[in-house]
Amino acid sequence: QVQLVESGGGSVQAGGSLRLSCAASGLTPGYYMGWFRQPLGKEREAVAGIDARGTITYTGFTQPSVKGRFTIAKDNAKNTLYLQMNSLKPEDTAIYYCAADPSNSQFWRGRPSYWGQGTQVTVSS
């Protein structure tokens, strides 16, 4: 049984940093993993993804852009996915979800097979 358990969310002031973790279990090698976020009252959006070889993709569609501020990483030995978030802005406030799918296309279509429960990130101005 696949389980994705996020941690590391919280409240910070603008300009601060947080590191989210996602402990994965039950995944076979080769899964595509990444992070989504959902601001209150808005649709869930993909933020970043990483494949089994370590190839990383960041979305170009979030507002504000996460490029240069967020870093996704994976520790295969620990079966843990991370999202380091720096220079946080109030617009980054959202519930952040870890997700996984055998297919990167399903992930980026917003339809990954597995989701974590989400962790709240709140950035105050």
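Just so you know, residue 1 is the first one in the sequence shown, and it goes up from there.
In this structure, Trp108 CH2 and Ser103 OG are separated by 12.5 Å, a value rounded to the nearest 0.5 Å. Remark: Lys67 NZ to Thr59 OG1 distance equals 7.5 Å, nearest 0.5 Å. Taking CG of Asp101 as the start and OG of Ser113 as the end, the distance is 3.5 Å to the nearest 0.5 Å. With rounding to the nearest 0.5 Å, the separation of CZ in Arg19 from OG in Ser17 is 12.0 Å. Separating the SG atom in Cys22 from the CD atom in Gln3 is a distance of 10.5 Å, to the nearest 0.5 Å. Here the straight-line distance linking atom CG of Leu18 with atom OG of Ser11 works out to 8.5 Å at 0.5 Å rounding.
For the pair Glu6 (side chain) and Gly118 (backbone), a donor-acceptor distance under 3.5 Å is present. Without hydrogens or angle criteria, Gln38 side chain to Ala94 main chain gives no donor-acceptor distance under 3.5 Å. A side-chain donor-acceptor contact under 3.5 Å links Tyr58 to the backbone of Ile72. With hydrogens and angles disregarded, no donor-acceptor distance shorter than 3.5 Å links the side chain of Thr93 to the backbone of Glu91.
The aromatic rings of Tyr114 and Tyr31 sit tilted relative to each other, their planes meeting at an angle between 30° and 60°.
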_Step-by-step side chain to side chain contact (heavy atoms under 4.5 Å, CB included) determination, Leu27 to Met33_ = CA-CA 10 Å; Leu27 290 177; Met33 297 186 69; 3.9 Å; yes
_CA sep, side-chain torsions, deciding dist, call: Asp75, Thr80, side-chain hydrogen bond (donor to acceptor under 3.5 Å, both in side chains)_ = CA-CA 5 Å; Asp75 186 331; Thr80 301; over 6 Å; no
*Are Leu20 and Thr119 close enough, and set up right, to give a side chain to side chain contact (heavy atoms under 4.5 Å, CB included), and what steps lead you there?*
CA-CA 8 Å; Leu20 307 182; Thr119 186; 4.0 Å; yes
*Stepwise, does the side chain to side chain contact (heavy atoms under 4.5 Å, CB included) test hold for Asp51 with Phe107?*
CA-CA 11 Å; Asp51 70 13; Phe107 178 93; over 6 Å; no
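Trp35 and Val123 fall within the same hydrophobic cluster, defined by Ile, Leu, Val, Met, Phe, Trp and Tyr side-chain heavy atoms under 4.5 Å apart, directly or through other members. Cluster membership for Ile50 and Leu4, using ILVMFWY side-chain heavy atoms within less than 4.5 angstrom, is shared. With hydrophobic clusters built from ILVMFWY side chains whose heavy atoms lie under 4.5 angstrom apart, Val47 shares a cluster with Val121. Ile95 and Trp115 fall within a single hydrophobic cluster, where Ile, Leu, Val, Met, Phe, Trp and Tyr side chains are chained together by heavy-atom contacts under 4.5 Å. Hydrophobic clustering (side-chain heavy atoms under 4.5 Å, transitive across Ile, Leu, Val, Met, Phe, Trp, Tyr) keeps Phe36 apart from Val5.
Nearest heavy atoms, Pro112 versus Ala100: CB-O, 3.6 Å. The minimum heavy-atom distance linking Ser125 with Ala14 is given by the pair CA-CB, 4.3 Å.
In this structure, Arg37 fails the cation-pi test against Tyr97, since its NZ or CZ atom is not both closer than 6.0 Å to the six-membered ring centre and inside 45 degrees of the ring normal.
A donor-acceptor contact closer than 3.5 angstrom is absent between the side chains of Asn104 and Gln106.
When side chains are defined from C-beta on, Thr55 does not count as touching Tyr32, because their heavy atoms never get closer than 4.5 Å.
A salt bridge between Asp92 and Arg69 is present, with a side-chain N of the basic residue lying under 4.0 Å from a carboxylate O of the acidic one.
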